[in-house]
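Since the structure comes first, as structure tokens, the remarks are kept for the end.
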Amino acid sequence: MQGQKSTTLRQVEDARMQVGEQGTVLRIEGSVGRNFATQLQAALDANPSLQRIDITSGGGYAQSGLEAARMIRRRNLIVRVHSHCASMCVGLWAAAAQRQMEPDALIGLHQWNAQCEAFPSPAREECRHQIQFMTDHDSSYDAWLRDAGFNQYLLDLQSSTAAEDIAVLDVLQLWENGVDFSVVNRDGRRMSRAEVQQHLAAKSRSR
């Protein structure tokens, strides 16, 4: 799994978004780029029956990510992680009304910053203003993690993991630390903890 380093000031490409299943599912693959929130809003506007987001992302820019997380929160969407969800992507997942993961999926935590310096002026100043507003209110990254059941150990792990590193957690580790989510297979069937353990054990033996 590769995340987007929050200390790296470079252009992050926009994710690919595709609507499927009769307009009820939005599939997202790629980074949380500068236009991520705009892309998401356009998809929501064009698909009022959208219920779930399926995502694989290594993260990206905090500004667009926080805006997108607020949209997900307002629409009470389900967010399902396919392969991995790291850095700012975790905020999107945590903000969801319901959180799902496939059994092999991974979550990646590390310190983040707004990367406002990556923006040209005057967007740089607007970025700083918006981040200050968002992080001063309840709809912030840490608040969403707490609402999702992330315990103090995980919050400390997130804040203590350097921006150039990623602390990787599987579904069993997340469950052990109180995170509220369900595990589903590729067909969307909910899996029990025993089924997940058997699945991961079989996968480990086959390596």
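Since we're looking at a predicted model, the values are computed, not measured.
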Original post:
What pairs with Asp180 under salt bridge (charged side-chain N to carboxylate O under 4.0 Å, His left out), at least two apart in sequence or on another chain?
Top reply: Arg99
Subject >> Pairs satisfying salt bridge (charged side-chain N to carboxylate O under 4.0 Å, His left out), at least one member in residues 73-82, at least two apart >> reply: Arg73-Asp147
Closest approach of [X] to [Y] (non-hydrogen atoms, all atoms of both residues):
| X | Y | value |
| --- | --- | --- |
| Val90 | Gly108 | CG2-O, 3.3 Å |
| Tyr141 | Gly91 | CE1-N, 3.7 Å |
| Ala96 | Val79 | CB-CG2, 3.5 Å |
| Gln39 | Asp14 | OE1-CB, 3.5 Å |
| Leu154 | Leu109 | O-CD1, 3.9 Å |
| Val168 | Gln173 | O-OE1, 3.8 Å |

**OP:** Find out if a path of hydrophobic residues (ILVMFWY) with successive side-chain heavy-atom gaps under 4.5 Å connects Val25 to Val81.
**Re:** no
Original post:
Under 4.5 Å between side-chain heavy atoms, hopping through other hydrophobics if needed: is there a path connecting Val171 to Met191?
Top reply: yes
Is there side-chain contact between [X] and [Y], with at least one heavy-atom pair below 4.5 Å?
| X | Y | value |
| --- | --- | --- |
| Met101 | Ile107 | yes |
| Leu77 | Leu26 | no |
| His84 | Thr56 | yes |
| Phe36 | Gln63 | no |
| Arg190 | Glu195 | no |
| Leu200 | Asp104 | yes |
| Ile53 | Leu40 | yes |
| Trp175 | Val196 | yes |

Side chain of [X], backbone of [Y]: donor and acceptor closer than 3.5 Å?
| X | Y | answer |
| --- | --- | --- |
| Tyr61 | Asn35 | no |
| Gln111 | Ser159 | yes |
| Asn151 | Tyr153 | yes |
| Ser64 | Gly33 | yes |
| Ser57 | Gly30 | yes |

Original post:
Does anything in residues 42-51 pair up under side-chain hydrogen bond (donor to acceptor under 3.5 Å, both in side chains), and if so which pairs, sequence neighbours excluded?
Top reply: Gln41-Asp45
Original post:
Should the ring pair Phe150 and Trp93 be called parallel, tilted or perpendicular, given that the plane angle runs from 0 to 90° and is split at 30 and 60?
Top reply: perpendicular
**OP:** Flag the pair Arg193 and Glu176 as a salt bridge only when some basic side-chain nitrogen lies within less than 4.0 angstrom of an acidic carboxylate oxygen.
**Re:** no
**OP:** Could you tell me which residues satisfy side chain to side chain contact (heavy atoms under 4.5 Å, CB included) with Thr161, sequence neighbours excluded, listed by chain and number?
**Re:** His110, Leu157, Asp165, Ala167
Original post:
Can you list the residues that meet the side chain to side chain donor-acceptor pair (under 3.5 Å) rule with Ser204, with sequence neighbours excluded?
Top reply: none
Subject >> Sequence-distant partners of Asp156, side chain to side chain donor-acceptor pair (under 3.5 Å), two or more places apart >> reply: Gln152
